[in-house]
Amino acid sequence: MGVRVYNTLTRRKEDFVPLNPPRVLIYVCGITPYAKSHVGHARPSVFWDVVRRYLTYIGYSVTLVQNFTDIDDKIVKKSKETGLPPEQIAETNSRQYLESMRRLNVIPADAYPRATQYIDEIIRMTEALLAKGHAYVSGGDVYFRAASFPEYGKLSGKNVDQLLPGARVEVSEAKESPLDWALWKAVPDGEPGWNSPWGRGRPGWHIECSAMVTSILGPSIDMHGGGTELVFPHHENEIAQSEAFTGVKPYVRYWLHNEMLNLEGEKMSKSLGNVVALDELLAQYPPEGLRIYLLSAHRRKILEFSIELLESAVRGWERLRSTMERCYDFLRIPADTGVSNPDRLESARQKIRQTFFAAMDDDFNTALALSAVFDLVSALNSALTEDKGRAAGPEARRMFAEAYLDLLEFSGILGVLPDVWGAQREASARVRGEGFKDLVELLVRIREEARSRKDWGLADEIRRKLQENGVVIQDEPSGTRWSIR
RNA sequence: GGCGACAUAGCCAAGUGGCAAGGCAGGGGUCUGCAAAACCCUUAUCCCCGGUUCGAAUCCGGGUGUCGCCUCCA
C-alpha cells in the first residue's frame, strides 16, 4: 500500500515518495485576481484540500503554499478601465476568493504569497539567469532564452521544432525566438512598475511562481498543482527558469494537474465569459454540497457543471448529513439497544474501508472514495431500519459505533463532515435568539400531544409553521425528530 | 498544422482482462393519520467496425464524434 499519483511529467502513475518524509512540500498555482472567482477555481482548491487532509491523515507533515499573481496585464488593463489602483483590484478579488475558501471549508494554506511581495527575489533571479546566459536584455525587457534549456518541452510533451510552424506564439521583434518569454517587462510611465537594473518595469507572467516556490519552499518540492491549462507554457517555463536558476533537478517531483469544469460542453473561463460566480453559489447552496459535486469526478477528468448537477450533489449531502444525525441520536439512547444484524454491518464496513483507502491511495480517486462513503451511509441506514429497538447487546452497539466513526472519519478527509453533535443546531438556535430551542421543543411536545388526540389539524399547522421558520419535523417510530435546515 | 484527452443507464460518474461502483432522477413496494425521511426491489447488448484472448468496457488496429493545449486562464 501507499499513495500513487499520476505525474504529468512522466505521464504515468508513480509511487509517491517525498524528498524528505514525513515532510511534504506542495505548491498550488492560485488565481490571478483581476476578477471575481468562479466555480472552476474551486476545483483545484478543494482537490488540494483533500490531498492535504489525506496525506496528513496517513502521517505526512504537509506544507502547502498557494500564490496570488497580483500583478499582470489583465490587472493593469482592469485598472485602466475602472480607474481603481491595481493593488485594490487584486486585494478585493483575493479577499473574496479567500472568503469563499473559508466557506468551502478549505484548510488555509500555510502561506498565500503575492507576486508583488517577491519583486526583489524576482529581480535577483532574473539577474542570475542573465549571468548564466539563460536570459538576455532587449530594450528594457529581459527574456528567457528557451533554447538555453535543452529539456524545454519535457513537461507538456511539446517538440520545440514543431512548436514553431503554425504556432500562435507571440511574435515580437524584441525576442530572439518566438518561444522566449519575458522575465521582466519595461512599463510606460503611469503604469505600475518597480525600479530594476533594466529600468522601471514589472515581472513577466511565469517568473513569479519560480521566485515564490524557490524562496519559500526551496529548490525542490514534492508536488506542484494547477489546472491543465497551465501545463504549457506556464509550468513548462517555470521548470526552465527554476532549474536553470538553482541547478537543482527536479524542481518538482510530482506534477498533478486538474482538468477543467465545462459549462454546456465548453470550458468555463473568464476569457470566454461563461462563468458562474463562486460567491453567489455559496450564498445559495451548502458548501458541502459543492464539495461533493466537485469531488464526484476524478481530478483528471473534465467535469460538466450545471445547477441541476450541483443540486443533485446537495441532495446527496443532505442524505449523508441526516444519516449522521440519525446515528448520533441512536447512540444517545440507552445502551442495551443495538442493531439486530451487526455482522452484516461489520463485513460491509470492512469492505468499505478497504475501498475508501485504496481509492485515496490510487491518485486520490475522490469519486470512488465518495461512493464508499455513500455505501456506508446505506449500510448504516439499513442497520437503523432493521433495528426496531430490539435489544442486541453491547457488542452490536460497539460495531454500529465503529461504522459510524468510520463515516465521520471519511467525511472529515473529504471535508464534508456534517455537524452531527448538534453544535450547529445549537448555534443556529442561538442566532435566532435565546430560548428558540426551548420554544421549538415545546411546540414539538404540544404537537405530539395533539397527535395522540388525533388532532391532525393542529399537528399539521405546527409542522407547517415550524417548517416556514426553517425547522424540519420528522415523525419516526421512535419519536419526533427536528432539525434546522 | 502540431500535441493531447475523452466517449459507460434519463443526467453526472467509478471501473484499464474474469458475472458493470456510487450519486441524482424515474417505476414498484414496506413503514406512516398525512407528510418527510429511511429501507427493499427495479432501470446498461459500456460510440461503431475489425483483431488478440478460454474470456474485452478494459489490450491492439481502423473509423466516427466531443473537448482541451499550442494566446490570458484553476
Side-chain angles (χ1 to χ4, degrees), chain A residues 11 28-32 34-35 37-48 66 69 72-74 77 97 153 156-159 161-170 179 205 225-234 236 257-262 265-272 275 292-293 296-298 300-306 308-320 322-323 325-326 355 359 362 365-375 377-378 380-386 388 451 454-456 459-460 463-464 467 472-477 481 483:
Chain A
R11 295 167 192 236
V28 181
C29 271
I31 59 164
T32 301
Y34 75 88
S37 290
H38 58 77
V39 221
H41 295 137
R43 174 120 102 150
S45 315
V46 168
F47 169 72
W48 283 101
Q66 184 175 32
T69 298
D72 91 318
D73 294 350
K74 298 245 169 171
K77 182 164 173 263
Y97 171 82
S156 52
K158 304 246 185 244
N159 181 323
D161 300 328
Q162 288 172 336
L163 213 47
L164 294 174
R168 293 191 273 168
V169 290
E170 180 192 347
L179 291 177
W205 174 33
T228 51
E229 61 196 355
L230 297 177
V231 173
F232 189 90
H234 185 59
E236 194 71 69
H257 290 97
N258 60 277
E259 258 302 349
M260 302 290 102
L261 243 43
N262 274 188
E266 268 195 321
K267 176 181 139 180
M268 184 184 294
S269 78
K270 284 184 279 193
S271 35
L272 286 173
V275 297
I292 286 175
Y293 157 74
S296 71
H298 186 98
R300 284 188 285 114
K301 292 289 185 67
I302 292 168
L303 177 60
E304 180 68 25
F305 178 82
S306 72
E308 290 70 31
L309 289 169
L310 175 57
E311 285 177 345
S312 78
V314 168
R315 281 190 285 275
W317 181 68
E318 280 163 359
R319 186 154 78 100
L320 173 63
S322 83
T323 296
E325 284 177 0
R326 291 178 70 203
T355 301
D362 184 11
N365 189 339
T366 56
L368 188 55
L370 208 46
S371 80
V373 168
F374 280 106
D375 281 338
V377 164
S378 296
L380 283 162
N381 280 332
S382 297
L384 285 171
T385 299
E386 283 166 11
K388 315 285 187 205
R451 289 181 72 215
K454 299 196 192 298
D455 183 351
W456 311 127
D460 291 351
R463 182 170 62 196
R464 197 177 64 247
Q467 187 134 15
V472 178
I473 293 291
Q474 288 176 4
D475 299 319
E476 296 188 351
R481 299 178 61 242
S483 58

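Below, each value reflects all heavy atoms present in this structure, side chains not excepted, and no hydrogens, waters or symmetry copies. The sequence lines fix the lettering, A, B, ..., with proteins before strands; numbering per chain opens at 1.
- Of the listed nucleotides (B:C70, B:A74, B:A37), B:A74 has the atom at the smallest distance from the side chain of A:Arg43.
- Of the charged side-chain nitrogens involved, at least one lies within less than 4.0 Å of a carboxylate oxygen, so that A:Asp475 and A:Arg451 count as a salt-bridged pair.
- For the C1' atoms, the distance linking B:C60 with B:U53 amounts to 12 Å, nearest Å.
- A gap of 45 Å separates the P atoms of B:A36 and B:C49, to the nearest Å.
- Whole-Å rounding puts the A:Asn381 CG to B:A36 C1' distance at 14 Å.
- The backbone N or O of A:Glu259 lies less than 3.5 Å from a partner atom in the side chain of A:Arg43, making a donor-acceptor pair.
- Looking at heavy-atom distances under 4.0 Å, A:Ile473 makes contact with a base.
- In this entry the distance linking CG of A:Leu261 with C1' of B:G68 reads 14 Å, nearest Å.
- Remark: the backbone N or O of A:Arg481 is not paired with any side-chain donor or acceptor of A:Gln474 at under 3.5 angstrom.
- Below the 3.5 angstrom threshold, one finds no donor paired with an acceptor across the side chain of A:Lys158 and the base of B:C70.
- Base pairing of B:C47 is made with B:G63, judged by Watson-Crick or G-U wobble geometry with both donor-acceptor distances under 3.5 Å.
- In this structure, B:G10 forms a base pair with B:C24, meeting either the Watson-Crick or the G-U wobble geometry with both donor-acceptor distances under 3.5 Å.
- The partner of B:A57, taking Watson-Crick or G-U wobble pairs whose two distances both stay under 3.5 Å, does not exist in any strand shown.
- For B:C6 and B:C46, the C1' atoms lie 14 Å apart once the distance is rounded to whole Å.
- Remark: the backbone N or O of A:Val472 is not paired with any side-chain donor or acceptor of A:Gln467 at under 3.5 angstrom.
- Side-chain atoms of A:Tyr97 and A:Ser45 form a donor-acceptor pair, as typed in the model, at a separation below 3.5 Å.
- Contacts of A:Arg326 with the nucleic acid, taken as non-hydrogen atoms under 4.0 Å apart, involve only primed sugar atoms and P, OP1 or OP2.
- The distance from the OG1 atom of A:Thr32 to the NE2 atom of A:His41 is 8.0 Å, given to the nearest 0.5 Å.
- The nucleotide whose nearest atom lies closest to any side-chain atom of A:Glu266 is, among B:A74, B:C34, B:G68, B:G68.
- In summary, the side chains of A:Arg326 and A:Asn381 do present a donor paired with an acceptor at a separation below 3.5 Å, with no hydrogens or angles considered.
- Contact annotation: A:Lys454 does not reach the phosphate of B:C34 (side-chain N/O to OP1 or OP2, under 4.0 Å).
- Nucleotide B:U30 is matched to B:A38 when pairs are restricted to Watson-Crick or G-U wobble geometry with both distances under 3.5 angstrom.
- Here the side chain of A:Asp362 pairs no donor or acceptor atom with the backbone of A:Asn365 at under 3.5 angstrom.
- At a threshold of 4.0 angstrom between heavy atoms, the contacts of A:Asp460 include nucleobase atoms, whether or not backbone atoms are also involved.
- A gap of 27 Å separates the C1' atoms of B:G65 and B:A74, to the nearest Å.
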query: Step by step, would you call A:Leu320 with A:Val373 a side chain to side chain contact (heavy atoms under 4.5 Å, CB included)?
result: CA-CA 8 Å; A:Leu320 173 63; A:Val373 168; 3.9 Å; yes
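- Not a single donor-acceptor pair, N or O on each side, falls under 3.5 Å between the base of B:C39 and the side chain of A:Ser382.
- By the 6.0 Å and 45° rule, A:Lys77 does not stack over the aromatic ring of A:Tyr34.
- A straight line from CZ of A:Phe47 to C1' of B:A74 spans 13 Å, rounded to a whole angstrom.
- If you take atom C1' in B:G17 and the same atom in B:A57, they sit 10 Å apart, rounded to whole Å.
- Judged by atom type and distance alone, A:Asp72 does not reach the base of B:C72 through any side-chain donor-acceptor pair under 3.5 Å.
- Pair assignment for B:U16: none, as no Watson-Crick or G-U wobble contacts are both less than 3.5 Å.
- Spacing between atom CE of A:Met268 and atom P of B:G68 amounts to 13 Å, rounded to whole angstrom units.
- When the nearest nucleotides of RNA chain B are assigned to A:Thr228 and A:Asn258 by heavy-atom distance, the more 5′-ward of the two goes with A:Thr228.
- When the C1' atom is compared between B:C40 and B:U45, the two are found 28 Å apart, to the nearest whole Å.
- Set against B:C70, B:C39, B:A74, the side chain of A:Phe232 has B:C70 as its closest nucleotide.
- Using atom P as the reference point in both B:U43 and B:G50, the two lie 29 Å apart (nearest Å).
- Using Watson-Crick or G-U wobble geometry with both donor-acceptor distances under 3.5 Å, B:G1 finds its partner in B:C70.
- Counting any heavy atom pair closer than 4.0 Å across all strands shown, A:Arg11 reaches sugar-phosphate atoms only and no base atom.
- Side-chain N/O atoms of A:Lys267 include none lying less than 4.0 angstrom from OP1 or OP2 on B:A74.
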field: Contact pattern, 5' to 3', of nucleotides 13-25 of chain B - B, S or - by protein heavy atom under 4.0 Å
entry: SSS-----BSSSS
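- Annotation: B:C72 and B:G10 have their C1' atoms spaced 38 Å apart (nearest Å).
- Atom-to-atom, CG of A:Asn262 to C1' of B:C69 comes out at 14 Å; the value is rounded to the nearest Å.
- Nucleic acid contact for A:Thr32: sugar-phosphate only, since backbone atoms but no base atoms lie under 4.0 Å from a heavy atom of the residue.
- When the nearest nucleotides of RNA chain B are assigned to A:Gly265 and A:Gly157 by heavy-atom distance, the more 5′-ward of the two goes with A:Gly157.
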